[in-house]
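Notes follow once the structure below has been shown.
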Amino acid sequence: MAYCLIETELGWFGLAWSVAGITRAYLPGEEPDALRSRMARHGPELGSEEDSVPAFVAEARSLIADYAQGLPVSFAGLPLDFAGVGGFNRRVYEDILSLGWGETTTYGDIARRVGDIALSRAVGQAMGANPIPLIIPCHRVLASGGKTGGFSAPGGARAKLRMLALEGVDAGPHPTAQLSFGF
């Protein structure tokens with residue numbers, strides 16, 4: 001396992017991977033040194049030279065930089081390593097991987113697709129545990145009535161709204177989660 005930092009117009013992203021695929025993504029919200037401290041458990045930091053990272057990591061870095069500029073991108077072709085992710089969460093993540101740029105769904109819709117509307121809360125918990133946000137687009141999952149719902153990444157619901165706005169989605173002025181951090 002290894003990791004790298006990606007400087008973008010939105011701030012610093014972190015990306016960790018194994019030989020099987022991407023294992024973790026960290027959204028902007030921390031300075032590079034703090035992000036390095038958090039990511040050190042994922043192995044060594046590899047430099048910015050394209051030769052030092054697998055091709056799928058170089059592609060992910062390029063896609064993340066384009067995303068931060070507001071360019072429509074798809075992360076669908078990137079390999080993801082779900083080792084250690086439970087079966088229910090994996091089904092939820094695989095469901096939302098089908099969402100394209102600017103598409104949204106709700107916790108309830110996902111719950112129906114994976115088995116039962118009564119699983120909506122469990123879907124929300126899976127979103128909060130998402131190890132690869134942005135690439136697994138949990139920001140595209142809304143609460144009923146088009147409300148933002150929660151977002152556990154730095155910046156809370158405000159970050160979610162900003163990501164959706166980059167994709168041309170107006171999720172409305174009624175966030176229902178933490179708003180205290182910048183993104």
Side-chain angles (χ1 to χ4, degrees), residues 1-8 10-30 32-68 73-101 103 105 107 109-116 119-141 149-156 159-160 163:
M1 298 219 340
Y3 77 92
C4 67
L5 301 185
I6 307 158
E7 186 176 15
T8 75
L10 297 175
W12 289 89
F13 282 80
L15 196 64
W17 64 91
S18 69
V19 295
I22 296 168
T23 59
R24 296 286 294 176
Y26 292 89
L27 298 177
E30 296 182 83
D33 289 340
L35 190 53
R36 278 187 183 94
S37 291
R38 274 182 79 190
M39 297 196 70
R41 70 177 185 260
H42 298 294
E45 179 179 5
L46 295 184
S48 60
E49 303 82 35
E50 295 301 321
D51 298 355
S52 65
V53 299
F56 69 86
V57 172
E59 180 183 1
R61 289 185 349 193
S62 177
L63 290 169
I64 290 169
D66 288 348
Y67 179 89
V73 299
S74 172
F75 297 102
L78 297 174
L80 305 179
D81 182 348
F82 284 121
V85 174
F88 178 78
N89 285 15
R90 185 177 184 145
R91 286 188 1 244
V92 169
Y93 301 151
E94 288 171 347
D95 180 85
I96 66 170
L97 282 168
S98 67
L99 295 173
W101 179 268
E103 289 182 80
T105 191
Y107 300 103
D109 288 340
I110 295 169
R112 277 187 210 90
R113 289 192 297 266
V114 299
D116 186 338
L119 297 171
S120 295
R121 215 172 270 255
V123 168
Q125 291 171 343
M127 294 296 103
N130 180 0
I132 314 172
L134 179 60
I135 294 169
I136 299 174
C138 57
H139 65 283
R140 296 177 182 152
V141 180
F151 199 56
S152 60
K160 184 174 188 172
M163 293 171 77

Separation of [Y] [atom2] from [X] [atom1] (nearest 0.5 Å):
X    : Y    : atom1 : atom2 : value
R24  : H42  : CZ    : NE2   : 5.0 Å
M39  : Y3   : CE    : OH    : 7.0 Å
L5   : R36  : CG    : CZ    : 4.5 Å
R61  : T8   : CZ    : OG1   : 13.0 Å
I136 : M127 : CD1   : CE    : 8.0 Å
I96  : R91  : CD1   : CZ    : 14.0 Å

Evaluate the side-chain proximity of [Y] to [X]: yes if any heavy-atom separation is below 4.5 Å, no if none is.
X    : Y    : result
V123 : F88  : yes
F13  : L27  : yes
L15  : I135 : yes
F82  : P131 : no

**Message:** Pair L46, V57 - check side-chain contact (heavy atoms from CB on, under 4.5 Å), show working.
**Reply:** CA-CA 11 Å; L46 295 184; V57 172; over 6 Å; no

What are the two closest non-hydrogen atoms of [X] and [Y], and how far apart are they?
X    : Y    : answer
C4   : E45  : CA-CG, 4.5 Å
C138 : P133 : SG-CB, 4.1 Å
I132 : N130 : N-OD1, 2.8 Å
E30  : W12  : O-CB, 4.2 Å

**Prompt:** Listed by chain and number, what are the ring pair (Phe, Tyr, Trp, His ring centres under 6.0 Å) partners of Y67, not counting sequence neighbours?
**Reply:** W101

Could you tell me whether a side-chain N or O of [X] sits under 3.5 Å from a main-chain N or O of [Y], the two making a donor and an acceptor?
X    : Y   : result
T23  : D81 : no
S98  : E94 : no
D66  : V73 : no
R140 : L99 : yes

**Message:** If you apply the rule side-chain contact (heavy atoms from CB on, under 4.5 Å), what do you find for L80 with Y93, and how did you get there?
**Reply:** CA-CA 11 Å; L80 305 179; Y93 301 151; over 6 Å; no

**Request:** Check L10, I6, L35 against P28 for a side chain to side chain contact (heavy atoms under 4.5 Å, CB included) and give me the one that passes.
**Result:** L10

**Message:** One pair to check against side-chain contact (heavy atoms from CB on, under 4.5 Å): I22 and F75. What are the steps and the verdict?
**Reply:** CA-CA 11 Å; I22 296 168; F75 297 102; over 6 Å; no

